[in-house]
Amino acid sequence: MSTHERSDATEARGTEVTTEATTGRPAAPRTPEGSGGPPGLRGLDAAGGLAALRGLLDRPLASYYLLLSSAGLLLLIGLTMVFSATSVRDYAEGGNATATLAKQAIFAVIGIVAFWACQRLPTRTFRAVAWPALGVSVVLLLLLNALMALQSLAGVRRIGPFYADLNWLHLGPIQLQPSELAKFALVLWGADVIARKGAKLGWWRELATPLFPVVGLLFVLVGYNDLGTMLCLLALVVGLLWAAGVRLRVFATLTAVGLLGIGLLVAVASLGAGSGERGAENYRLARLTNFIDPPPPEQCKLEECYQMVQARYAIENGGWFGTGLGKSTLKWEWLPAAENDFIFAVIAEELGVVGCGVVVVLFAVLAYTGLRIARRVADPFRRLAAAGATAWLVGQAVINIGGVVGLLPLTGVPLPFISDGGSALVVTLAAIGMLASFARAEPDAARALHARPPARWVRLVWAPLPPLPGRRRAGAPPAARARVPRERRGDDQAAPRVRGDRTGRGSANERRR
């Protein structure tokens, strides 16, 4: 080393010592040349990424933003795929490629208004409308089943402005699905009933009145026409009872009763239940047997497993990255209900495994967020309603996707947020609004919003401030007040009698006793 090089090294060391002396911190070690990338990325490894993700999830409003982002992306994907699945058919039939998209967009706007209204409501409002919503749902389901029975037995299709079409009830120009309203009503009513019972849920008679009779009535009214929607209601009830901490033997009993009920509903398809016809082949039993023992595609009959075969053709045609958005071929009258029940097959064909993975991940984020809200809120009703709504939405998505890819029997339920359907989309967005209201009411979120409240016009236009949590720990029951003996109620200043302990701090007489 030359004299000039030694002097440069000495100056560099002197600079490091000066930096350490002035800042009080040791100088950062120098990175050898060529040993790393840019300075901002050198410390970014797997542990750092997990720490950053954990820091984001620890933010007070993380649940709220996760809920909005996952639901919003699913809604955007749904509108895009509905347009892709229906544009060619709409143009061929009416010359307007956006007819179905426009209708779905109108329902999406109505659903966003329902979301906005529900996220502004307090808990007492949800509990107040639980019983009226359940009553309206039962009346509409009874009317739907009565019209279907008259149509099947007497050939009467219409009574005044009312007529039924399988799962849809037409009230003049209004068309709706009572079973979709029944899902939301069961979430509110079931959470309210279970929250009022509290610790008494350990007794069978508390579960038997009035929870089980009402749930059984809804199962019969819904399952007679739509077995898939009844399974969604079953997932909802399981989520409610699981969040309430019901014993496992209750779940075992419910499983046995549920399997028996499903068997009866499968059997009544031969009598005309659902889309079946009296004396014809039981289509529900055929779907079940085709799932358990599927025939080869070349030997498959047209009526039995045509839908399953076409869905698998679409998945195979898509591959890993898909054929491209709008370039599906099986949606042209080959794949039945391509815009509704089998829209996931269209996603698989056009966007491939990558697109399907994005949809599944978004539903997984929604499931995580719903359970996170249920775990963090302090009010029992909020906890139960959040768990029930999450079980309903995620369970319905699992049933739909599992049926399309062949992991579950076909049931004909739509995919939430994505499938074409007005009633389902509006009710689903209303449930998301309820979850958003609960997410803002988390203890940390409520404190953060009150610490830095938004502007007054934001609170008026978007959502009001949630109530502040109490002083006691979230989820902890209030301490029970001890009963004061009658003879000591008037002497508040009397010193309590202290027994002698084993540490020797009592008097000598007490220790001898």
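Hydrogens, waters and symmetry mates are skipped; everything else that's a heavy atom, side chains included, is used. The first residue in the sequence is number 1, and the count goes up from there.
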So which atom in [X] and which in [Y] form the shortest heavy-atom distance, rounded to 0.1 Å?
X: L144; Y: W168; result: CD1-O, 3.6 Å
X: I194; Y: L384; result: CG2-CD1, 3.7 Å
X: T411; Y: G228; result: CB-CA, 3.7 Å
X: F342; Y: P336; result: CD1-O, 3.2 Å
X: A445; Y: A439; result: CB-O, 3.6 Å
X: P60; Y: E442; result: O-OE1, 4.0 Å

Is the number of heavy atoms from other residues, nucleotides or ligands within 6.0 Å of [atom1] ([X]) greater than 12?
X: Y65; atom1: OH; answer: no
X: W334; atom1: CH2; answer: no
X: L460; atom1: CG; answer: yes

Run T229 and K183 through side chain to side chain contact (heavy atoms under 4.5 Å, CB included) and show every step you take. CA-CA 9 Å; T229 304; K183 296 175 186 177; 3.5 Å; yes
Distance, nearest 0.5 Å, that separates [atom1] of [X] from [atom2] of [Y]:
X: L371; Y: L366; atom1: CG; atom2: CG; answer: 9.5 Å
X: I418; Y: E339; atom1: CD1; atom2: CD; answer: 14.0 Å
X: T253; Y: R247; atom1: OG1; atom2: CZ; answer: 12.0 Å
X: D444; Y: S63; atom1: CG; atom2: OG; answer: 9.5 Å
X: L79; Y: L74; atom1: CG; atom2: CG; answer: 11.0 Å
X: L435; Y: Q119; atom1: CG; atom2: CD; answer: 11.5 Å

Look at the side chain of [X] and the backbone N and O of [Y], then say whether any donor-acceptor pair between them is shorter than 3.5 Å.
X: R459; Y: L465; answer: no
X: R440; Y: R120; answer: no
X: D192; Y: L188; answer: no
X: H450; Y: P466; answer: yes
X: N340; Y: S419; answer: no
X: N96; Y: D90; answer: no
X: S423; Y: Q177; answer: yes
X: D420; Y: V82; answer: no

I'd like to check [X] versus [Y] (side-chain heavy atoms, cut-off strictly below 4.5 Å). Are they in contact?
X: L140; Y: L176; answer: yes
X: P414; Y: Q396; answer: yes
X: V138; Y: V214; answer: no
X: V220; Y: N145; answer: no
X: C232; Y: I399; answer: yes
X: I77; Y: L362; answer: yes

Indicate the ring-plane relationship of [X] and [Y], choosing parallel, tilted or perpendicular according to the 30° and 60° boundaries.
X: W131; Y: W189; answer: perpendicular
X: W392; Y: F184; answer: tilted
X: F417; Y: F363; answer: tilted

Evaluate the side chain to side chain donor-acceptor pair (under 3.5 Å) criterion for residues S84 and E350: first the C-alpha distance (whole Å), next the side-chain angles of each, then the deciding distance (0.1 Å), finally the verdict. CA-CA 9 Å; S84 175; E350 294 186 352; 2.7 Å; yes
Kindly indicate, with the supporting measurements, whether the criterion side chain to side chain contact (heavy atoms under 4.5 Å, CB included) is fulfilled by L211 and V237. CA-CA 10 Å; L211 187 64; V237 173; 5.8 Å; no
Does a side-chain N-to-carboxylate-O contact under 4.0 Å join E349 and K331?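 Here E349 does not pair with K331 in a salt bridge, since their nearest N and O are not under 4.0 Å apart.
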Take L57 and R372 through the side chain to side chain contact (heavy atoms under 4.5 Å, CB included) test and state the conclusion after the steps. CA-CA 10 Å; L57 293 178; R372 171 191 169 103; 4.0 Å; yes
Please lay out, stage by stage, how L449 and L61 fare under the test side chain to side chain contact (heavy atoms under 4.5 Å, CB included). CA-CA 9 Å; L449 288 172; L61 290 170; 3.9 Å; yes
